[in-house]
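This report refers to the structure that appears directly beneath it.
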Amino acid sequence: MSTDVPTTTRADWSSDQEVRWCPGCGDYSILAALQFLMPELGVRRENTVFVSGIGCAARFPYYMDTYGMHSIHGRAPAIATGLAMARPDLDVWVVGGDGDMLSIGGNHLIHALRRNVNLKILLFNNMIYGLTKGQYSPTSEVGKVTKSTPMGSLETPFNPLSVAIGAEATFVARTHDMDRAHMQEMFRRAHQHQGAAFVEVYQNCNVFNDGAFGAITRKDARDEMLINLVHGQPIRFGKDGEKGVAMGSDGALQVVAVDEAGVDALLVHDAHREDPSLAFALTRLASGPYEPTPVGVFRDVARPEYAEQAQAQLAAAQEQRGPGDLAKLLRSQPTWTVS
Amino acid sequence: MSTDVPTTTRADWSSDQEVRWCPGCGDYSILAALQFLMPELGVRRENTVFVSGIGCAARFPYYMDTYGMHSIHGRAPAIATGLAMARPDLDVWVVGGDGDMLSIGGNHLIHALRRNVNLKILLFNNMIYGLTKGQYSPTSEVGKVTKSTPMGSLETPFNPLSVAIGAEATFVARTHDMDRAHMQEMFRRAHQHQGAAFVEVYQNCNVFNDGAFGAITRKDARDEMLINLVHGQPIRFGKDGEKGVAMGSDGALQVVAVDEAGVDALLVHDAHREDPSLAFALTRLASGPYEPTPVGVFRDVARPEYAEQAQAQLAAAQEQRGPGDLAKLLRSQPTWTVS
Amino acid sequence: MTDTAAHGSVREVDRLIIRFAGDSGDGMQLTGDRFTSASALFGNDLATLPEFPAEIRAPAGTLAGVSSFQVHISDHDITTPGDAPTVLVAMNPAALKADLDKLERGGTVIVNEDAFEERNLTKAGYAGNPLDDDTLAAYTVIRVPMTSLTKEACKALDVKPRDAERSKNFFALGLVSWMFSRPVEPTLDWINQRFKGRDTVIAANTTAFQAGHAYGETAELADSHVMVRPAKLPPGLYTQINGNTALAWGLVAASQQAQIPLFLGSYPITPASDILHELSKHKNFGVRTMQAEDEIAAAGAALGASFGGHIGVTTTSGPGVALKSETIGLAVSLELPLVVVDIQRGGPSTGLPTKTEAADLLLAMFGRHGESPLPIVAAYSPTHCFWAAIEATRIALTYRTPVILLSDGYLANGTEPWRIPDLSELPAIPVTFATEPNHVGPDGEPVYWPYLRDENLIRPWAVPGTPGLEHRIGGLEKEDGSGNVSYDPANHSRMVHLRAERIAHIATDIPPVEVTGDVDADVLVLGWGSTWGAIETACERVRATGQKVAHAHLVHLNPFPPNLGEVLGRHRTVLVPELNLGQLVRLVRDRYLVDAKSITKVFGQPFTAAELTDAILGEMR
Amino acid sequence: MTDTAAHGSVREVDRLIIRFAGDSGDGMQLTGDRFTSASALFGNDLATLPEFPAEIRAPAGTLAGVSSFQVHISDHDITTPGDAPTVLVAMNPAALKADLDKLERGGTVIVNEDAFEERNLTKAGYAGNPLDDDTLAAYTVIRVPMTSLTKEACKALDVKPRDAERSKNFFALGLVSWMFSRPVEPTLDWINQRFKGRDTVIAANTTAFQAGHAYGETAELADSHVMVRPAKLPPGLYTQINGNTALAWGLVAASQQAQIPLFLGSYPITPASDILHELSKHKNFGVRTMQAEDEIAAAGAALGASFGGHIGVTTTSGPGVALKSETIGLAVSLELPLVVVDIQRGGPSTGLPTKTEAADLLLAMFGRHGESPLPIVAAYSPTHCFWAAIEATRIALTYRTPVILLSDGYLANGTEPWRIPDLSELPAIPVTFATEPNHVGPDGEPVYWPYLRDENLIRPWAVPGTPGLEHRIGGLEKEDGSGNVSYDPANHSRMVHLRAERIAHIATDIPPVEVTGDVDADVLVLGWGSTWGAIETACERVRATGQKVAHAHLVHLNPFPPNLGEVLGRHRTVLVPELNLGQLVRLVRDRYLVDAKSITKVFGQPFTAAELTDAILGEMR
Ligand SMILES: Cc1ncc(C[n+]2csc(CCOP(=O)(O)OP(=O)(O)O)c2C)c(N)n1
Ligand SMILES: Cc1ncc(C[n+]2csc(CCOP(=O)(O)OP(=O)(O)O)c2C)c(N)n1
Ligand code: SF4
Ligand code: SF4
Ligand SMILES: [Mg+2]
Ligand SMILES: [Mg+2]
C-alpha cells in the first residue's frame with residue numbers, strides 16, 4: 001500500500017449509519033475488530049471497498065466509512081472479482097453469511113478462490129439464515145430443527161474450509177467473534193496475502209442460533225477446545241499444551257496426549273506447504289464446533305494473483321502491438337477502395 | 001433393484017436417435033460402455049432416467065432408450081435431485097461436461113454431493129468447452145490458449161475430485177474413455193453405492209482439445225502413468241509394480257521406488273475410511289494428466305441417503321399424525337361458528 | 001361475552017380500526033394477532049395489516065424499529081384493514097411519531113406514558129414531550145404508565161422486573177380488550193398454550209393482561225367503553241387465516257383433489273418463506289419440501305419432481321422469479337406442470353422486502369426469452385389465496401404447463417375470517433398418466449410420442465416407471481408429435497404457434513369475469529390482485545354519493561377471460577388501479593385498444609378505500 | 001479483373017445469389033466466405049446468410065449435417081442475402097435435398113457427382129439418384145466429379161488421396177470463381193496466409209482451386225460464364241464485416257471515445273461467443289475480458305467493474321439474459337452504467353441455438369421484478385451493429401443505467417461491405433466522475449450524496465479511489481439524494497417515479513425516427529432490428545407495383561423516439577413485421593392506441609423480401 005497514509009482512528013472508519021443488528025449479535029464484535037484494525041493496516045479509506053451480498057452479515061458495508069456495495073444475494077464474490085480485476089489498485093473485501101456465500105453463492109465463492117483474485121473474503125458463519133428468520137443453512141448440523149425443517153435437516157453440512165481448500169484456495173483461516181485480537185490477526189494476515197484470502201468467522205446469532213459455538217469459544221472452554229495453528233510450531237493445545245495433533249501410522253491425523261506421544265511425534269504446522277493435503281486434514285479434525293477445533297491460518301501459499309496477471313497481459317499486448325489504435329483496428333481486415 | 005428383470009442387450013438400451021458427436025469423439029466409447037453395462041446391472045429401462053444439462057456430453061440421454069431429460073446448462077444435478085427425492089424407486093443418472101457441472105453448475109453439483117442424494121453423476125471431463133467450439137473450461141490447464149484466451153488462461157483449474165471430496169462426497173472415482181472395462185467397473189461401483197456417486201471420466205475431445213489425456217491413457221503409457229487404486233491393496237504401479245505411493249515423514253504422499261522403500265512402506269488404499277483426508281491427498285498426487293495419475297475408486301463410504309431419509313420423515317409423520325386429513329387441516333386453527 | 005356485557009353503559013359502534021404500534025421488541029405483532037383472534041372468535045368480520053421493518057430487530061426506540069399492526073373489526077362484511085385508525089396504541093415515542101398521522105382526526109391515542117422519557121424522545125426525534133405540548137391536541141389521549149403498572153402487578157410473582165417489563169404488551173392487550181369488550185378467555189387460554197412449561201412467563205403475562213383489563217374497568221375510561229357486535233356473516237364454521245397459510249393449504253388441497261403428490265422446492269425469501277414453513281409441517285399428506293441451495297435449484301427440483309409425476313411447486317418473491325426465468329422457460333418447452341408462486345414485494349432489486357407491491361405482472365407475462373407463454377393466476381384476498389392456489393394447480397396439471405400464481409406481501413400476512421369450505425365444494429382435478437403407446441412407428445410397432453397432442457393441444461404425461469413409454473425430452477425444439485429434436489424451420493414455426501394456442505385455449509376453461517355493482521355504469525374499475533378489497537369498498541362509497549360505478553376483478557391474467565373485451569366495451573371509462581406504475585393497463589390497452597386509465601400507488605402499502613374513492617370520483621368530474 | 005475479362009463472351013447480370021451447401025465437414029462456410037471476400041474486394045455490394053447445424057459435426061451425409069452459406073452479390077446497393085438462390089452448389093445428396101426447394105425455378109445446380117453414390121443417397125433419404133431421374137428437370141444441372149478431379153490434380157503432389165479429397169471445396173470455389181469472373185489472387189493469397197507453414201495443404205488447396213478454375217474454362221460452361229460489375233457504392237475505404245465483429249469494434253470505439261476502459265464479463269453462448277473472442281484479442285486497447293463461471297457472474301463482474309469506473313459490458317443470448325435478470329435489476333437500482341448485449345436466437349429454452357429469431361424484446365423491456373425500466377437499443381444490419389454498440393454505450397455512460405442492446409443470429413454472422421468511418425464521424429461521449437462533495441451535511445460540513453441528481457435526473461458517479469467521496473450503495477430502496485437506505489413510503493414512491501422519468505427523459509436525447517419512402521402513403525411499415533433489409537427491399541418492390549408505402553425503423557425501443565406517435569398518426573395502416581409472434585406491436589398498440597397489425601415469422605430464418613412484399617400487398621387489397 002502507498003506510503004504517507006494519514007493516521008486514522010476507528011471513528012474514521014465508522015460510517016454515520018446506525019447499526020441495525022440485534023442487540024448482542026456477534027456481528028458487532030466483528031465490525032469493531034475491523035474498524036479498530038483498519039487504521040493499523042496503513043491503507044486509505046478511499047482505496048478500500050467492501051462488497052457484500054444479502055443477509056444480516058451482508059449489511060456490513062453500510063457501517064464502514066469506505067466505498068461499499070450491498071449487492072444481491074450470493075453474488076458478492078462475482079461482483080467483487082470484476083471490481084478487483086478492473087481496479088487492482090483497490091483493497092477489496094467481501095463479506096457475507098453462510099447462506100449468502102455457501103448456499104446461493106457457493107459457485108461464485110469457489111471460482112473466486114481458484115482464480116486467486118485479490119479479495120479478502122470474510123464468511124460470517126452463524127450456521128443459520130438470520131435475516132430470513134431462522135431457516136437452516138449449508139453449515140447447520142444434521143438434524144437441525146428449524147422453521148423449514150420441523151423434523152430436522154438431512155444434509156451433511158459443508159465444512160467451509162474443506163470446501164475452500166478443495167477449490168484451490170491459497171489462503172484459508174478460521175477465527176471467532178469472541179476474540180478480537182485473534183480476529184484482527186487473521187484479518188491482517190488475510191490482508192497481507194496477495195490473492196484470494198478466505199477467512200471463516202464463527203459468529204453467534206443470538207436470536208436464531210444462540211450459543212452455536214459456545215462450547216468452543218467460551219473463555220473457559222477455549223484452552224481445551226480451540227487448537228491454535230501456528231506456522232512452524234508443533235500443533236498443541238490444552239491449558240498447558242498437554243494435548244497435540246499427530247499423524248497416525250494409518251496416515252490419519254489424531255489428537256494425542258503429549259506426554260504419551262512425545263513432542264517430536266507432534267505435527268509441525270506448515271501453512272506454506274504447496275500441497276494442500278495436510279491443511280485439508282486439519283480442517284477435518286473437528287466434525288463440528290463441539291470438538292477441539294483448529295483456528296488460525298490453515299493455509300497460506302503464494303500463487304500469481306489473477307488481476308495482476310490480467311494486467312500483465314494488457315501490458316504485454318501493448319508491448320507487442322503498441323497502444324490500441326482505433327483507426328488501425330477498423331482497417332485490420334482486408335479493405336478495398338471505392339472511388 | 002427388483003428381481004425377474006428381463007434380460008436385455010445393448011440394443012435394448014440404445015435409442016433410435018442417430019448419435020451426433022464428432023467422429024472420433026471420446027463420448028462414443030463412454031456411451032458404448034454404459035449401453036453394454038446396463039444389461040448387467042439388473043435394472044429396468046423404465047426405472048432408469050438420464051438427466052443432463054447442455055453440452056456435447058449432455059446430449060447423452062438422447063441416445064439411451066430410457067427415460068431422459070436434456071435440460072438446461074448446469075442445472076441437471078438440481079433437477080435430478082428433485083426427481084430422485086420424488087421417486088426414490090428410480091435409478092437416476094446425471095451426465096454433463098466439465099463446463100456444465102463445474103462452471104455454471106458447480107454449486108448444484110457440490111450441494112447434490114453433500115446431500116448425498118441417490119444420483120450417479122458422470123462428469124465427462126475433456127478440459128474444454130466442446131459444444132461452444134473450444135473455449136477453456138474450469139479444468140483447463142493454466143496458460144491454455146483458446147478463442148477466449150488468446151494469451152493463455154490465468155485460472156488454476158479445479159481438480160474435480162478434490163472439489164467433490166471437499167464437498168463431502170461419499171463416493172468419488174475416476175476413469176477414462178480409453179478403457180471400457182475400467183469405465184464399466186467404475187460405473188458399476190457407482191451404481192451399487194447408496195447415495196451420490198461422482199465419477200470423473202477423462203474424455204478426449206478430438207476436435208478442440210485432442211490428446212489432452214494421451215500422455216496417461218495411451219495403451220503404451222498406462223502402466224507407467226495410471227495408478228490403479230484398489231481397496232485394501234498397497235498402491236503400486238509401473239509395468240512390474242516397481243513404483244508405489246507412500247506417506248512421507250512430513251505427512252505428504254510421495255511416489256517411491258518399491259525396491260528402495262519396501263512394500264511395507266507403501267500406503268494401503270482404504271476407500272472406506274470415514275475421514276476423507278487420505279482420499280483427498282490421493283487426488284493431489286498428480287497435478288495434471290501428464291503425471292502418474294490415480295484412477296479407480298478414491299472414496300466409497302456409507303452415509304444415509306437423502307431421499308430415503310426424506311421418505312422416512314413422511315412415514316414418521318403419518319405414523320404420528322395419521323395420513324393427511326384435509327378436512328382436519330382446514331380446521332386446525334381456532335374456529336367459531338356463525339349460525 | 002357475558003362478562004363484558006356485565007359492565008355499565010357500552011357504546012355500540014358498527015366498526016373499529018385499531019393500530020398497535022411499538023418497538024420491534026415490544027411484541028406488537030403478537031398483541032395485534034391476539035386481539036384479532038379474540039375478535040374473530042367473537043364473530044366480527046375483520047381484516048388486518050401487519051407492518052414491520054426489514055431488519056430482524058432494528059435499533060430500539062428508533063423510527064426504523066417501529067413495528068405496527070392494524071386491525072379493522074366490524075359488525076358487517078368488510079374487505080380492507082381500514083383507512084385511518086380510530087384508535088392508536090403507541091408503546092413508545094417513535095411509534096407515536098411514525099403512526100400519529102395515520103390516526104383519524106379526533107381519534108383516540110393510548111400511550112405507554114413510562115416510555116416517554118428523554119432518551120426515547122430524542123431517539124424518536126421529538127424536541128419536547130408530545131404528551132405535554134399540543135401535538136395531540138386534536139385527539140383523545142389516554143396516558144397509562146403501562147410499564148410501571150405491569151411491574152407493579154407482577155411484584156407478587158417471582159419474576160425479575162426486567163422480565164415483568166416484557167409483559168407490558170399484555171397489559172396493553174388487557175386494557176384494549178376491556179375497552180372494546182373483547183372476551184378474555186381465548187387470550188388466557190392462548191397464553192397457557194403458547195408458553196406451556198414456562199410457568200413464570202404464563203404467570204407474568206396473565207397477570208399483566210388482567211391488570212390491564214382491570215385498569216380499564218376501574219379508571220375513568222367508561223366513555224371509551226365501546227362494543228362492536230358480531231357480524232352477520234354467512235352461516236358456517238369459520239377460522240381466521242392469512243394469505244400464505246391459505247395458499248399453502250390450497251396447494252395441499254389441490255394435491256389431494258388430484259391425487260398427485262405435492263413437491264415443494266423452495267429457497268427462503270420474504271414474504272414467501274412462510275409457505276415453505278407451513279408446507280414442511282404437512283409431511284403426513286405426503287408433501288415433500290426441499291430447501292434448495294438457491295431459487296434456480298428450487299425451481300429445477302420442482303420441475304424434476306413434475307417429470308417424476310408429482311406436482312412440482314416453487315415459492316418465492318420477485319428476485320427469485322427473475323432467477324427462475326430460465327428454468328420456467330424450460331418447463332414451457334417441456335410442457336410439464338409447475339406452479340411458480342410469486343409473493344410480490346417492493347422493488348426493484350432488493351427494494352422494500354417487507355412491504356407490499358404488485359409490480360411483477362409483466363415479469364410473469366414476458367420474463368422469459370423466446371416466445372414462452374404461460375398462464376397467470378392472481379389471488380385477490382387472503383382467503384382467496386386458498387382458491388387461487390387450487391386453480392393454479394388445476395391449470396398446471398390439466399394443461400401440463402408452468403403457471404405463475406401471483407400474491408403479495410399484503411395478502412401474505414393479512415388475515416380475515418374464512419368460512420371453512422366443505423370438501424365437496426372443492427373442484428375435481430382429474431389427472432391421467434399415459435400408460436400405453438399412442439402411435440405406431442414407421443415399422444408398424446406401437447410407440448409413445450410425448451408430443452402427440454389431444455384436441456385441447458395437451459400432450460400426454462408418461463412418468464418414469466411406466467414400461468414401454470421410455471422417452472427423452474429437452475429444451476431444444478422438438479418435432480411436433482414425436483418430440484424428437486428437430487431443427488426444421490416449418491416445424492419450429494408450428495411448435496411456436498402450438499405453444500401459444502395451447503395457452504390461449506385455456507380461456508375456454510375459465511369462468512367469465514363478473515361485474516359487480518352497476519353493470520350500466522359509465523365507469524368500470526378493472527382490478528387484479530390485492531386491490532380487490534379497497535376497490536369494492538371504494539365503489540360502495542362512490543355509489544353512496546349517488547354515482548354509478550362497476551367493478552370487474554381479474555383472477556386470470558393470462559389468458560384473459562373470454563368475455564373481458566365485451567365487458568370493457570360496455571363502459572365509457574375504464575379505470576385500472578394497480579400497486580405498480582401501470583402493468584395490467586398495458587395489457588388491456590394493447591389487447592382491446594381501449595383507452596383504459598391507470599391509477600397507481602407505489603408506497604409499499606395497499607390502496608386505502610379513501611384514496612380510490614377520491615381517484616374514481618376525480619375521474620367522474 | 002484483367003485475367004477474368006480476358007476470356008471470351010461474359011454475360012453481365014446485375015445481381016447473383018449463390019448458395020454453397022455441403023456436409024459440415026466439407027468447409028462450406030469457408031468456401032462461401034472466400035467467395036464473398038473476393039466479391040467484396042472486387043467491389044460488389046453483398047450480403048450473406050450462413051446456416052449451420054447446432055452440433056459441432058452432425059453425422060456425415062445426413063440432412064442434419066448440412067451446412068450452407070448463401071451470398072447475394074450485386075452491382076447496386078442491396079440489403080438482404082437474397083430470396084431464392086440463382087445458383088446452388090451441392091457437394092452431396094443431403095445438401096441437394098435440403099436446399100433444392102430454395103433454388104429459383106430454372107436456376108443452376110452445380111453438383112459434386114462423385115458424392116452421389118448409394119450410401120450418401122440413402123442417408124439423404126433419396127430412393128433413386130436425383131441426377132438420373134427428373135428431380136432436377138426444372139433446373140440447369142452442371143455435374144462435376146469434383147472429388148476425383150481434385151484427387152487427380154493433386155496426384156503430382158505428395159499428399160495422401162484422403163487429404164487431397166479434403167481440398168474439393170477449393171475445386172468448387174475455383175470453378176465458381178471462373179463462372180462468375182471473380183479475381184483469383186485474393187483467394188490464392190489467402191490460402192498462403194491461412195495455411196502458412198503447412199506447405200502440402202497450401203499446395204493441395206491451390207492446386208484444387210486452379211483445377212476448378214481451369215475446369216470452368218475448358219469444359220463447355222461458356223454460357224454459364226457470368227459477371228457482376230462492381231457496385232456504385234459511396235466512395236471510401238471498405239471492408240467486409242459481420243455483425244458480431246462490428247459490435248465488438250463498436251464497443252472498443254465507444255470506450256475510446258469516452259476514455260473509459262472497457263470491461264467485458266461474459267460466458268460463452270451461441271451466437272454471442274464471437275464477441276468475447278473478438279474483444280479478448282484487443283488487450284492493447286486496455287480491454288479486459290473475463291470468461292466468468294456463468295452468466296450471473298459475468299453480469300456481476302461487469303457491474304463491479306462499472307462501480308470501479310470502467311464501462312462494464314456483458315454479452316450473451318436469450319438464456320443468459322434470463323439468468324442475468326436479477327443482476328440487471330440491481331444495476332437499475334444502483335444507477336450504474338452496464339451494457340447487456342443479447343444476440344437473440346430461436347427459443348423458447350435452448351430452442352434453435354444456431355438459428356435467428358427476435359423474440360427477446362419484451363424480455364428486455366419487462367424481464368425484471370418490480371418497476372425496473374431501462375433503455376433498449378437494437379441494431380438493424382451487420383454494419384449497424386457498430387453504431388448501435390456505440391449508442392448503447394453512450395446512453396449507459398451518460399445516464400448511468402444498464403442498457404440492453406439487441407442483435408440476432410442473422411446479424412451476428414451475416415456480413416456486408418462497410419465503408420470504414422473516419423474517427424471524426426464517431427460521436428463524442430463525454431463522461432465526468434465526481435471529484436468533490438456535492439452537498440452539505442446537517443452539521444454544515446461538505447458531504448457526497450450519490451443520489452443527488454442533476455437536471456436530467458442523472459446521479460453523479462464517484463469511483464473508489466476518490467478521497468472524501470466514500471459512499472455505500474445497494475439494492476435496498478434509497479433515500480432520494482443521500483442514497484441512504486430508506487423504508488419511507490413516500491420516498492419509495494418518489495424514487496420509483498424518478499427511475500421511470502429518468503429513462504423516459506432519454507427520449508429528448510435520441511434522434512427522431514425517420515420515415516423512408518412515401519411519407520404520404522396510407523401504409524407504414526414499422527420495423528426494428530434485422531428485418532430492416534428485407535423491409536427496405538420489400539417496400540421498393542411494392543412501389544415498383546405502383547403502390548405507395550412508407551418505412552420507419554426503430555433503433556431505440558425504449559424510450560421510443562419522441563416523434564413516433566406523430567409518425568404513426570400520419571398513416572392509416574401500420575404494419576409491424578417481426579421475427580416473433582408480435583412484440584413491438586404490443587408496445588405501440590398500448591402506447592399509442594393505434595390498430596397496428598402484426599406480420600410474423602418464426603422459422604429461425606430472416607424474412608425474405610418476397611414474403612414481406614406479399615404480406616404488404618396483401619394488406620393493401
Ligand atoms: C435472490 C434472493 N433469494 C433469497 C433472498 C432472501 N434472503 C435474504 S438473506 C438470506 C440468507 C441469510 O442467511 P446468511 O447468508 O447466512 O446471512 P445471515 O443473515 O445469517 O447473516 C436469504 C435467503 C434474497 N434476498 N434474495
Ligand atoms: C445458460 C446457458 N449458457 C451458456 C450456454 C452455451 N453452452 C452450451 S454447452 C456449454 C459448455 C460446453 O462445455 P462442457 O460443459 O464442458 O461440455 P462439452 O461440450 O465439452 O461436452 C456452453 C457454455 C447455454 N446453452 N446455456
Ligand atoms: S438475526 Fe442473528 S445474525 Fe441477524 S442480526 Fe440478529 S442476531 Fe445477528
Ligand atoms: S466437439 Fe469435442 S466433445 Fe464435442 S462432440 Fe466433437 S469431439 Fe466430442
Ligand atoms: Mg448465516
Ligand atoms: Mg467439456
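Because the structure is a prediction, the values reported are computed rather than measured. Only heavy atoms go into these numbers, but all of them, side chains included; no hydrogens, no water, no symmetry mates. Proteins get letters first, then strands, A, B, ... in listed order; numbering begins at 1 in each.
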Subject >> Heavy-atom contact with chain C under 4.5 Å, split by part of H73(A) >> reply: side chain
Original post:
Does the distance from a Lys or Arg side-chain N to an Asp or Glu carboxylate O, for R345(C) and D408(C), drop under 4.0 Å?
Top reply: no
**OP:** Please look at Y136(A) and chain C and tell me whether the side chain, the backbone, both or neither of the residue comes under 4.5 angstrom of a heavy atom of that chain.
**Re:** both
Subject >> Under 4.5 Å from a heavy atom of chain A, the part of A60(C) involved >> reply: neither
Subject >> pair R368(C)-I328(C): side-chain heavy atoms closer than 4.5 Å >> reply: yes
Original post:
What orientation do F187(A) and W93(A) show, parallel under 30°, tilted 30 to 60°, or perpendicular over 60°?
Top reply: perpendicular
Original post:
So which part of T62(C) gets closer than 4.5 Å to some heavy atom of chain A, the side chain, the backbone, both or neither?
Top reply: side chain
**OP:** Determine the interplanar angle of the Y202(A) and F213(A) rings, folded into 0 to 90°, and report it as parallel if under 30°, tilted if 30 to 60°, perpendicular if over 60°.
**Re:** parallel
Subject >> Per-residue contact mode, L279(C) against chain A (heavy atom under 4.5 angstrom) >> reply: neither
Original post:
Where on L131(A) is there a heavy atom nearer than 4.5 Å to chain C: the side chain, the backbone, both, or neither?
Top reply: both
Original post:
Given that the side chain runs from C-beta out, which part of C25(A) has a heavy atom under 4.5 Å from chain C: side chain, backbone, both or neither?
Top reply: neither
Original post:
Under 6.0 Å from the six-membered ring centre of Y129(A) and within 45° of its axis: does the NZ or CZ of K144(A) meet both?
Top reply: no
**OP:** Let me know if S71(A) has heavy atoms under 4.5 Å from chain C in its side chain, its backbone, both or neither.
**Re:** backbone
**OP:** Would you check if the distance from the ring center of W21(A) to the ring center of Y63(A) is below 6.0 Å?
**Re:** yes
